[in-house]
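What follows is a set of notes on a single structure, which appears directly below.
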Amino acid sequence: MFKNHRRRWLGAGIVLLFAAAVSSGCSLLSSSGDSQENKAITIGFSQVGAESDWRTANSISIKETFTEKKGYDLIFLDAQQKQENQVRAIRSFIQQDVDYIVLAPVIETGWDTVLKEAKSVGIPVIIVDRMVDVTDESLYAAWVGTDFRLQGEKACEWLKAYADKQGMTGLNIVNIQGTLGATAQIERTSALEAAADRYGWNILEQQPGEYTQARGREVMEGMLGKYGDIDVVYCENDNEAFGALEAIEAAGKTAGPDGDMIVISFDAVRDGLWDVINGKIALDVECNPMHGPKVEQIIMRMEEGKKPAKYTYVKEGLFSMDDSIESVKVGENEYKVKKVTEDLINSRPY
Ligand code: GYE
């Protein structure tokens with residue numbers, strides 16, 4: 001906010017000077033004809049990495065929103081899933097005196113110091129995707145993302161309804177978690193643990209799969225080697241599910257409604273939905289990565305000197321292999337479950 005006030009006062013000063021200059025017959029515009037008002041809005045974006053299809057779609061959304069043609073100068077830095085790279089990126093944005101910092105934090109903790117540095121020089125920070133756990137919420141101006149706990153609860157209520165229809169009780173579940181300490185992992189895992197307590201399910205093992213296909217496969221190989229009675233594989237994103245499916249098939253087992261086990265996943269990226277159509281993934285809980293337009297709305301409001309909403313949620317749905325369960329109830333709300341078709345997949349932006 002301070003930075004924007006600075007830019008606005010500067011703009012006002014130029015108008016007064018310009019008026020004085022015009023009245024005295026000289027011009028204030030630079031040789032390139034570029035005045036302060038035409039200056040691009042500089043945005044430093046620290047992205048987690050490129051670990052998953054979802055992350056790729058999220059990066060595309062930001063890059064397609066903040067283009068040079070629309071008056072932005074986007075500095076995009078990929079942290080390869082390392083927090084120290086994100087801290088370094090934020091410090092470089094501060095040195096470059098960007099107008100806004102956008103951060104997709106790899107994990108929730110460890111941000112107070114560097115966000116205080118950004119605040120001390122008046123650069124607003126907008127958080128996207130996962131959340132930051134900071135002592136002072138004024139260290140970020142706004143957040144855009146999704147309710148990860150609700151995603152997990154939707155998945156577990158679908159699983160309960162599915163198990164009831166199949167006459168299955170006491171489910172044996174393996175949980176391939178996301179990156180430990182990431183909001184998506186914390187919340188999707190806790191929703192499963194709460195449901196397991198509520199419904200008497202048995203979580204055989206929980207291991208982080210880092211949201212990658214390679215690690216998802218390695219973790220599933222280990223679990224298949226230990227357990228011969230897995231009913232459900234609860235993967236915390238599609239790329240882990242792809243890896244788990246590779247391991248299941250390599251072990252001579254099958255996933256699907258008539259298979260040895262079912263796979264539940266999150267993200268609902270295009271390739272994940274293709275696996276839903278063929279039953280390899282029974283349920284895919286959408287996690288909408290299209291944050292760019294929402295972040296732009298926040299920046300536009302701040303450019304006008306207005307206070308943005310602190311928390312903005314993106315919309316998302318539930319996708320299943322069949323229409324046996326039409327909706328799930330979480331709390332007071334009902335959520336429709338859509339059967340995946342080729343037309344549905346072809347109509348989606350990611
Ligand atoms: O589920 C996964 C990505 O934070 C919601 O991170 C995001 C998660 C998403 O790697 O694919």
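Fair warning: this is a prediction, and the values are worked out from it, not measured in the lab. We count ligands from 1, going down the list as the structure has it; atoms in each ligand are counted the same way.
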Would you check whether Arg188 reaches within less than 4.0 Å of ligand 1, judged by its heavy atoms?
yes

Has Cys287 got any heavy atom lying under 4.0 angstrom from an atom of ligand 1?
yes

Which atoms of ligand 1 have any heavy atom of Phe148 under 4.0 Å away?
5 (C)

Atoms of ligand 1 close to Asn237 [distance to a heavy atom under 4.0 angstrom, numbered from 1]:
1 (O), 2 (C), 11 (O)

Any heavy atom of Phe266 under 4.0 Å from ligand 1? The part involved is neither

[atom]: nearest protein contact (heavy atom, Å):
{"atom": "atom 10 (O) of ligand 1", "value": "Glu51 OE2, 2.5 Å"}
{"atom": "atom 6 (O) of ligand 1", "value": "Arg130 NH2, 2.8 Å"}
{"atom": "atom 1 (O) of ligand 1", "value": "Asp267 OD1, 2.6 Å"}
{"atom": "atom 5 (C) of ligand 1", "value": "Asp129 OD1, 3.3 Å"}

Return yes when atom CD of Glu326 has more than 12 non-hydrogen atoms of other residues, nucleotides or ligands closer than 6.0 Å, and no otherwise.
no

For the pair Tyr234 (side chain) and Arg188 (backbone), establish whether a donor and an acceptor sit closer than 3.5 Å, ignoring hydrogens and angles.
yes

Is there a donor-acceptor pair closer than 3.5 Å between any side-chain N or O of Ser347 and the backbone N or O of Leu344?
yes

Just say parallel, tilted or perpendicular for the rings of Trp158 and Tyr162, cut-offs at 30° and 60°.
parallel

Evaluate the side-chain proximity of Leu318 to Lys336: yes if any heavy-atom separation is below 4.5 Å, no if none is.
no

Taking distance alone, with N or O pairs closer than 3.5 Å, would you say Ser52 contacts ligand 1?
yes

Tell me, with the steps shown, if Ser61 and Tyr350 meet side-chain contact (heavy atoms from CB on, under 4.5 Å).
CA-CA 10 Å; Ser61 175; Tyr350 55 89; over 6 Å; no

Here's one to test your reading of the geometry: is the NZ or CZ of Lys119 within 45 degrees of the ring axis of Tyr140 and under 6.0 Å from its centre?
no

